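Just so we're clear, the structure is a prediction, and the values are computed from it rather than from any experiment. Heavy-atom basis, side chains included; hydrogens, waters and symmetry copies ignored.
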Amino acid sequence: MRLQTRTIHVGVDKDTAYNSVITPIYQTSTFRFTDVGVNAGYDYTRAGNPTRRALEENIASLEGGAGAVATATGMAAITTVLHLFKPGDHIVCTHDCYGGTYRLLHLYEEQFGLRLSFVNLQDQAALEAAFRPETKAVWIETPSNPLLNILDIREVARVAHGCGATAVVDNTFLSPANQRPFELGADVVVHSTTKYLNGHSDVVGGAIVAKDAGTVERLQFLANTLGQGASPFDCWLVLRGVKTLVPRMHLHEKNAAAVARFLSGHPGVRKVYYPGLATHPNHAVARRQQSGFGGMVSFEVAGGLADVHRVMRSVKVFALAESLGGVESLLEHPVSMSHASMDPALRDQAGINENLLRLSVGLEDVDDLVDDLDAALRA
Ligand SMILES: *Cc1c(COP(=O)(O)O)cnc(C)c1O
């Protein structure tokens with residue numbers, strides 16, 4: 001089956017009692033044993049639940065992995081992956097990773113002895129110089145947040161494998177509808193399902209997918225041990241959301257491309273970041289490794305901070321809010337919102353300045369989105 005068919009059908013036939021077409025919500029903490037040592041495949045929801053299993057089968061199929069673990073949040077997914085490593089292990093992380101990932105990695109460095117290097121992985125020399133004998137993983141996020149830099153997954157994974165390290169890809173920004181990291185050499189994929197996979201801004205959730213069955217088994221063990229699993233109801237909501245992933249991603253991209261084109265010609269805008277624009281520095285890599293450019297657009301407002309604040313206060317269709325990937329359009333200011341906890345020096349080095357705004361372009365009529373931004377920029 002093709003990906004769009006799999007979003008709708010994989011993992012969902014769980015009700016053998018009544019053959020419901022939609023996966024039931026098995027909202028139960030525990031499961032009755034039928035005899036001593038005999039149950040129907042589940043004993044306790046922290047360890048496993050049929051609704052969660054349906055979502056895990058679905059996401060594993062979309063990414064093309066051996067299996068998946070559905071977690072309570074994206075950060076729970078990342079936390080679980082970090083438990084594959086031991087004190088003294090070294091992780092090379094892209095220097096413009098998600099702010100929460102950055103904060104978590106620092107916590108594990110300070111309290112649990114992980115060693116870290118934050119590196120511009122677009123720089124071939126820096127990439128190759130970053131690996132040490134104790135390097136166990138490289139953490140890839142592409143497109144990056146909020147500047148939408150593109151990393152060449154195949155190239156980074158090749159260098160990592162040459163040094164015996166695992167390649168982990170955070171695929172939240174594109175979803176498997178637009179990017180399939182396993183086909184490019186990744187070993188582990190993580191998601192915040194909060195974003196495009198669920199797509200309706202009504203759940204926080206996460207997922208981990210691994211290429212090989214041994215890693216899936218280890219991740220299942222870790223998620224159960226750490227208590228990271230997603231609730232049955234949240235899994236059910238994500239299963240519902242994922243059915244429309246492919247058409248949603250098409251429309252996100254169509255709207256984002258139109259917004260990016262509009263902003264590129266606007267006198268109130270200094271710079272536009274969208275990998276689908278031919279002027280984007282990584283446009284060629286994006287074309288090669290992605291099957292779509294996604295729904296995220298960032299731009300710099302011309303003028304000073306007061307002008308930026310005016311745009312933030314003036315939008316009416318775009319909501320001033322963090323997060324992304326939902327059907328409704330959102331606008332946020334990385335320096336004061338999503339990236340406020342990031343070390344200012346690193347933030348500057350990454351190119352995230354106070355004029356920058358990030359848009360999650362939703363599925364409204366694109367003319368309303370363009371009119372809203374135009375009015376806010378002229379306010
Ligand atoms: C949102 C996000 C996360 C964290 O996910 P939560 O569901 O908020 O815990 C991790 N990585 C990326 C790229 C994200 O956008």
Is there a path of hydrophobic side-chain contacts, each under 4.5 Å between heavy atoms of I, L, V, M, F, W or Y residues, that connects Leu357 with Val315?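 Yes, same cluster.
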Do Leu147 and Leu359 share a hydrophobic cluster (ILVMFWY, side-chain heavy atoms under 4.5 Å, transitive)?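 Looking at the clustering, Leu359 is in a separate group from Leu147.
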Determine, step by step, whether His252 and Tyr196 satisfy the ring pair (Phe, Tyr, Trp, His ring centres under 6.0 Å) criterion, reporting the C-alpha distance in whole Å, the side-chain angles of both residues, the deciding distance to 0.1 Å, and the verdict. CA-CA 10 Å; His252 278 297; Tyr196 289 107; 5.0 Å; yes
Atom pair [atom1] ([X]) and [atom2] ([Y]), whose distance is rounded to the nearest 0.5 Å:
| X | Y | atom1 | atom2 | value |
| --- | --- | --- | --- | --- |
| Asp170 | Ser144 | CG | OG | 11.0 Å |
| Asn149 | Thr142 | CG | OG1 | 8.0 Å |
| Arg358 | Glu332 | CZ | CD | 4.0 Å |
| Phe31 | Asn49 | CZ | CG | 4.5 Å |
| Gln179 | Met249 | CD | CE | 10.0 Å |
| Asn255 | Glu364 | CG | CD | 7.5 Å |

Who pairs with Arg132 by side chain to side chain contact (heavy atoms under 4.5 Å, CB included), at least two apart in sequence or on another chain?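 If we apply the side chain to side chain contact (heavy atoms under 4.5 Å, CB included) test to Arg132, skipping adjacent residues, the hits are His90, Arg115, Ser117, Glu134, Thr135.
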Lys211: what forms a side chain to side chain contact (heavy atoms under 4.5 Å, CB included) with it, not counting sequence neighbours? Phe182
Can you give each donor-acceptor pair under 3.5 Å made by side-chain atoms of residues 78-85, sequence neighbours left out, with the distance rounded to 0.1 Å?
from: Thr79; atom 1: OG1; to: Met75; atom 2: O; distance (Å): 2.7
from: Thr80; atom 1: OG1; to: Ala76; atom 2: O; distance (Å): 2.7
from: His83; atom 1: NE2; to: Tyr108; atom 2: OH; distance (Å): 2.8

Using a 4.5 Å cut-off between side-chain heavy atoms of Ile, Leu, Val, Met, Phe, Trp and Tyr, which other residues end up in the same hydrophobic cluster as Val138?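 Under the 4.5 Å side-chain rule, Val138 groups with Val92, Val119, Leu121, Leu127, Phe131, Ile140, Leu151, Ile153, Val156, Val159, Val169, Leu184.
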In the hydrophobic cluster built from side-chain contacts under 4.5 Å, what are the other members alongside Val285?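 Members alongside Val285: Ile150.
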Restricting to side-chain hydrogen bond (donor to acceptor under 3.5 Å, both in side chains), what partner residues turn up for [X], sequence neighbours left out?
| X | answer |
| --- | --- |
| Lys14 | Glu57 |
| Arg240 | none |
| Arg218 | none |

Report yes or no: does [X] contribute a side-chain atom to a donor-acceptor pair with the main-chain N or O of [Y] at less than 3.5 Å?
| X | Y | answer |
| --- | --- | --- |
| Asn120 | Ala126 | no |
| His283 | Pro275 | yes |
| Arg154 | Gln289 | no |
| Arg347 | Pro334 | no |

When the side chains of residues 61-72 are checked against the rest of the protein, which donor-acceptor pairs come out under 3.5 Å, sequence neighbours left out?
from: Ser61; atom 1: OG; to: Arg6; atom 2: NE; distance (Å): 2.8
from: Glu63; atom 1: OE2; to: Asn171; atom 2: ND2; distance (Å): 2.9
from: Glu63; atom 1: OE2; to: His191; atom 2: NE2; distance (Å): 2.6
from: Thr71; atom 1: OG1; to: Thr73; atom 2: O; distance (Å): 2.9
from: Thr71; atom 1: OG1; to: Ala77; atom 2: N; distance (Å): 3.4
from: Thr71; atom 1: OG1; to: Gly206; atom 2: O; distance (Å): 3.2

Quiz: residues 294-311 side-chain donor-acceptor pairs under 3.5 angstrom, not counting sequence neighbours:
from: Ser298; atom 1: OG; to: Pro146; atom 2: O; distance (Å): 2.5
from: Glu300; atom 1: OE1; to: Arg270; atom 2: NE; distance (Å): 3.2
from: Glu300; atom 1: OE1; to: Arg270; atom 2: NH2; distance (Å): 3.2
from: Glu300; atom 1: OE2; to: Tyr273; atom 2: OH; distance (Å): 2.9
from: Glu300; atom 1: OE2; to: Asn353; atom 2: ND2; distance (Å): 3.1
from: Asp307; atom 1: OD1; to: Arg310; atom 2: NH2; distance (Å): 2.5
from: Asp307; atom 1: OD2; to: Gly304; atom 2: N; distance (Å): 2.8
from: Arg310; atom 1: NH1; to: Ala379; atom 2: O; distance (Å): 2.4

How close do [X] and [Y] get, counting heavy atoms only, and between which atoms?
| X | Y | answer |
| --- | --- | --- |
| Leu369 | Ser329 | CD2-OG, 3.3 Å |
| Glu253 | Gly292 | OE1-CA, 3.4 Å |
| Tyr26 | Pro50 | CD1-CB, 3.5 Å |

Could I get the full list of ring pair (Phe, Tyr, Trp, His ring centres under 6.0 Å) partners for His266, not counting sequence neighbours?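 Testing His266 for ring pair (Phe, Tyr, Trp, His ring centres under 6.0 Å), a comparison that skips the adjacent residues, returns Phe262.
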Contacts of type ring pair (Phe, Tyr, Trp, His ring centres under 6.0 Å), residue His106, not counting sequence neighbours: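 If we apply the ring pair (Phe, Tyr, Trp, His ring centres under 6.0 Å) test to His106, skipping adjacent residues, the hits are Tyr102, Phe118.
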Steps toward side chain to side chain donor-acceptor pair (under 3.5 Å) verdict (Gln122, Asn282): CA-CA 10 Å; Gln122 284 186 304; Asn282 312 127; 2.9 Å; yes
